[in-house]
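Note sheet for the following structure.
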Number of protein chains: 2
Amino acid sequence: MSAGELRGRKPRADVQRNRAALLETAQRHFLQHGVGTSLEAVAKEAGVGPGTLYRHFPTREALLAAVLQTRSEELVARQADIEQLDDPAEALEQWLRAMEDYFSAFSGLPDPLMAAARAQEPDNPLTIPCDILISATDEYVRAAQLGGRVRVSVRGHDLFLAACSVAWIKGTGTEEEPLDRLRTLIASGYRERDNIQV
Amino acid sequence: MSAGELRGRKPRADVQRNRAALLETAQRHFLQHGVGTSLEAVAKEAGVGPGTLYRHFPTREALLAAVLQTRSEELVARQADIEQLDDPAEALEQWLRAMEDYFSAFSGLPDPLMAAARAQEPDNPLTIPCDILISATDEYVRAAQLGGRVRVSVRGHDLFLAACSVAWIKGTGTEEEPLDRLRTLIASGYRERDNIQV
DNA sequence: ATGCGTACGGAGGTAGCATCCGTTTTGCTG
DNA sequence: CAGCAAAACGGATGCTACCTCCGTACGCAT
């Protein structure tokens with residue numbers, strides 16, 4: 001079907017315009033009201049009818065995935081920075097934080113994300129991003145394990161879940177201080193207890 | 001307010017009957033469809049009109065709190081068992097598991113629970129249970145800390161959040177195996193690295 | 001300029017929430 | 001036992017949001 005789009009004639013001007021307007025408006029509404037925001041309101045503010053919104057993005061998840069695609073560029077940028085780091089443990093830590101920020105971009109985002117991570121439905125547009133993130137985390141974990149800084153029993157998926165959890169809590173409106181305490185707790189959980197005393 | 005109820009004339013028969021029917025039906029629906037279940041459907045199946053439901057329980061949270069009151073008896077029972085234990089670290093672990101089960105009784109329960117735990121609104125009926133649970137956790141933590149089995153930096157509230165997180169993930173439909181890995185990760189985070197080798 | 005085909009958009013049917021008020025039930029009192 | 005006042009009932013109601021369907025309008029290639 002995507003092949004069909006590519007092979008077909010070039011997209012019409014109004015299609016592109018509407019799609020862009022919808023994405024822009026949707027991102028604003030997701031930011032302000034969370035992922036549960038009214039899609040009718042998004043359509044109206046983007047200056048299109050509900051039908052147009054649903055033709056472009058058949059489900060809420062599809063719209064969400066498209067908006068996140070934009071956001072994921074930021075994540076990739078941070079990833080580039082992180083890969084410059086020498087310390088793999090530091091890299092892992094920053095990567096986890098980057099994921100957490102990504103997950104908590106919109107209030108309520110972790111729920112559909114987790115639903116997609118289960119990934120029984122291969123047509124769920126959020127499934128693919130999740131898989132990529134888990135794989136990436138796995139690599140950071142392995143690198144840090146080679147340096148002996150992270151317990152060998154830990155897997156990327158575990159920390160993916162942990163980051164998701166923290167993002168979820170953040171989305172419920174918890175203060176920053178308890179959040180930081182939880183992050184510390186988790187870090188204590190995955191870090192190898194090292195014998196070097198400072 | 002409970003004093004007011006006690007001082008007033010005895011409650012009418014239909015009131016008690018309807019309240020019981022609502023609670024019973026609501027619990028079934030929460031179990032089957034999560035906390036977001038249709039209240040209209042609950043009312044209809046309980047054989048009352050919507051108005052009656054909303055008079056008894058003005059908000060979804062109020063109904064939820066009332067249903068949880070029933071469930072909390074089970075928690076108290078487990079608490080009694082746990083307090084028989086000699087090992088405070090074991091007690092803490094079992095308590096965390098008990099809370100987690102309580103939180104994941106209904107899918108979607110952790111969200112309103114966290115909202116109540118923030119507790120700006122003193123009239124939120126879920127706030128009080130949360131406070132009690134946090135306090136209880138704090139005591140288990142302190143007991144285990146006295147035995148040197150739990151890091152001194154850990155607070156009850158931290159583990160309350162952790163238990164909530166795990167319950168949330170469970171509610172999203174994740175398998176048991178990744179959940180258990182996460183629990184292990186958290187346990188590694190709060191346990192004092194002890195030097196005693198078995 | 002014209003016509004074809006794609007995309008638009010709003011009307012409309014469905015579902016759930018929360019409220020209000022005329023009616024019914026209850027249990028006390030004479 | 002009958003009658004009455006208070007209390008509770010319940011459904012009709014207005015609202016918001018979801019999602020679909022189809023007559024219409026618009027963009028583009030000729």
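A, B, ... follow the sequence lines: proteins, then strands. Residue 1 opens every chain. This is a predicted model, so every value here is computed, not measured.
Within the 4.5 Å cutoff, side-chain heavy atoms of A/Leu75 are placed close to those of A/Leu133.
Contact check, A/Asn18 against C/dC8: a side-chain N or O comes under 4.0 Å of OP1 or OP2. Residue B/His56 has a polar side-chain atom (N or O) positioned under 4.0 Å from OP1 or OP2 of D/dC9.
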Check: protein-nucleotides 15-18 of chain C nitrogen or oxygen pairs below 3.5 Å:
residue : atom : partner : partner atom : Å
C/dC17  : OP1  : B/Leu39 : N            : 3.3
C/dC17  : OP1  : B/Arg60 : NH2          : 2.4
C/dC17  : OP2  : B/Leu39 : N            : 3.0
C/dC17  : OP2  : B/Glu40 : N            : 3.2
C/dC17  : N4   : B/Glu40 : OE2          : 3.1
C/dA18  : OP2  : B/Tyr54 : OH           : 3.2

Collect all protein-nucleotide pairs involving nucleotides 22-28 of chain D in which both atoms are nitrogen or oxygen and the distance is under 3.5 Å.
residue : atom : partner : partner atom : Å
D/dC28  : OP1  : A/Ala13 : N            : 2.9

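We find that A/Asp101 and A/Arg71 are not joined by a salt bridge, their nearest charged nitrogen and carboxylate oxygen being 4.0 Å or further apart. Under 4.0 Å is where a charged nitrogen must lie from a carboxylate oxygen, and between B/Glu24 and B/Arg17 no such pair does. By the 4.0 Å N-to-carboxylate-O rule, A/Arg193 lies too far from B/Glu192 to be salt-bridged with it. The pair B/Arg118-A/Glu175 fails the salt-bridge criterion, with no side-chain N (NZ, NE, NH1 or NH2) lying under 4.0 Å from an Asp/Glu carboxylate O.
For B/Trp95 and B/Thr137, the side-chain atoms include at least one donor-acceptor pair closer than 3.5 Å.
Regarding A/Gln16, its CD atom lies at a distance of 16 Å from the C1' atom of C/dC8, rounded to whole Å. Distance, B/Leu22 CG to D/dA8 P: 14 Å, rounded to whole Å. Spacing between atom CG of A/Leu53 and atom C1' of C/dG10 amounts to 14 Å, rounded to whole angstrom units. When rounded to the nearest whole Å, the span between NZ of A/Lys44 and P of C/dG10 equals 10 Å.
Listed by first then second residue, pairs satisfying salt bridge (charged side-chain N to carboxylate O under 4.0 Å, His left out) with a partner in residues 79-93 of chain B read B/Asp87-B/Arg149, B/Glu93-B/Arg191, not counting sequence neighbours.
Taking for each of A/Thr52 and B/Thr52 the nucleotide of DNA chain D with the nearest heavy atom, the 5'-most of the two is the partner of B/Thr52.
When all heavy atoms are compared, the tightest approach of A/Leu113 to A/Cys130 is O-SG, 3.5 Å.
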